[in-house]
Amino acid sequence: MEIKLALTVDSETHDLDMHYGLETLKGTSDVTSKIAESILRKRAPSKITHRNTVRTRLKYSAKGSFKQNFTIEIKDPFLIKRARRIGKPAIAEVIRYFIYEALHIHKDADNLSVMAQEVIADMEPFYELLMEKLREHLKDMHQVSKYYGHEMTLSYCKPNEPMIIAKLDKNTSIHLTETVVENKELEIEAIINRYNTFTGTGRLLLKGEEETVPFSFASDMHAVRLEIKKEISKNLDTNNAKNNDDFQYAKLRVARAVRPATGEIVKYLIKGVYY
């Protein structure tokens, strides 16, 4: 079974520095194959060897542009069966989700299909280990952006309608390398604006602010106390029926906050909630 993908590098001359180009292709291979393996095996990815049954394979590319076609090739019969049940579009959605999570760019999970949400929920127990591996491979994937400023597009070659998985450039490279996770507890007052029970992610609105900020739980979804999940859902339901001046704010205990080079916090990791 094959899932067709393509990496397009925005190079006006249609060529590429070979050293950094190969590093970028290697990073792309590692990122996509390891997310795919994690989806199908429901565990953190293993080291890539010749025995791996989930691999990437280079394919013929379009003449006249630097576009590299390749596939995620799945050989194990059990994994093929699981991949067919999930579906190629949902696998592409999950690859997109984890690439942006690893970049500390938190896309809205509400747009994910139900199947993609279920797969992400299954992967929660090894989320941090997967993130650690992906961030290293994404550094390789960004080589031509970092050193030459080229923009790149990773796509799923959906029949008649390519689906963009991720767009990478010099800014996403900076986001990857200069973002820090502050391990400092703090207390915030906010309302829950959105909450996805499958992934344990959502958006909150801080008191006095106008822009929402993503949040997730500080620990594995399965380890989060039921009372905390209920309070999050309750606050969402309560405020959905209220006007802006009548919001009921919750006090949230934050275990960690994600802060990129720009300085503003882009995600809160919640460990407790009370009123």
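The basis for the numbers below is simple: all heavy atoms, side chains too, and nothing from hydrogens, waters or symmetry mates.
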Decide if atom CD of Glu211 counts as having more than 12 heavy atoms of other residues, nucleotides or ligands within a radius under 6.0 Å.
-> no

What pairs of donor and acceptor atoms, side-chain ones from residues 152-164 against any protein atom, are under 3.5 angstrom apart with sequence neighbours left out?
none

Under the salt bridge (charged side-chain N to carboxylate O under 4.0 Å, His left out) test, residues paired with [X] that sit two or more places apart:
X: Arg41; answer: Glu37
X: Glu182; answer: Arg259
X: Lys81; answer: none
X: Lys267; answer: Glu101

Hey, are the side chains of [X] and [Y] touching, using non-hydrogen atoms and a 4.5 Å cut-off?
X: Ser173; Y: Leu168; value: no
X: Phe98; Y: Ile120; value: yes
X: Val224; Y: Ile270; value: no
X: Ile72; Y: Val54; value: yes
X: Lys26; Y: Leu22; value: no
X: His104; Y: Arg135; value: yes

Got a sec, which residues hit side chain to side chain donor-acceptor pair (under 3.5 Å) with Tyr148, two or more places apart in sequence or on another chain?
-> Asp17

Excluding sequence neighbours, so at least two apart, what forms side chain to side chain donor-acceptor pair (under 3.5 Å) with Lys167?
-> none

Please round to the nearest 0.5 Å and tell me the distance separating atom [atom1] of [X] and atom [atom2] of [Y].
X: Ile91; Y: Thr32; atom1: CD1; atom2: OG1; value: 12.0 Å
X: Asp10; Y: Lys67; atom1: CG; atom2: NZ; value: 13.5 Å
X: Leu25; Y: Met141; atom1: CG; atom2: CE; value: 9.5 Å
X: Lys4; Y: Asn69; atom1: NZ; atom2: CG; value: 9.0 Å

Can you hop from Val180 to Val213 via hydrophobic side chains spaced under 4.5 Å?
-> no

Under 3.5 Å: donor-acceptor pair, side chain of [X], backbone of [Y]:
X: His142; Y: Leu138; value: yes
X: Thr56; Y: Thr71; value: no
X: Thr24; Y: Val144; value: yes
X: Lys88; Y: Glu2; value: yes

Least distance between heavy atoms, Ile188 atom then Leu186 atom | CG2-CD1, 3.8 Å

Sequence neighbours left out, what passes side chain to side chain contact (heavy atoms under 4.5 Å, CB included) with Lys42? Give chain and number order.
-> Arg82, Asp122

How would you list, by chain and number, every residue that makes a side chain to side chain contact (heavy atoms under 4.5 Å, CB included) with Glu118, sequence neighbours excluded?
-> Val114, Met115, Phe198

When Ile, Leu, Val, Met, Phe, Trp and Tyr are grouped by side-chain heavy atoms lying under 4.5 Å apart, directly or through other members, which residues fall in the same group as Val266?
-> Val181, Val258, Leu269

Ile174: which other cluster members, linking ILVMFWY side chains closer than 4.5 Å, directly or transitively?
-> none

Identify the residue among Thr238, Asn239, Asp237 that makes a side-chain hydrogen bond (donor to acceptor under 3.5 Å, both in side chains) with Asn235.
-> Asn239

Residue set satisfying ring pair (Phe, Tyr, Trp, His ring centres under 6.0 Å) with Phe247, at least two apart, ordered chain then number -> none

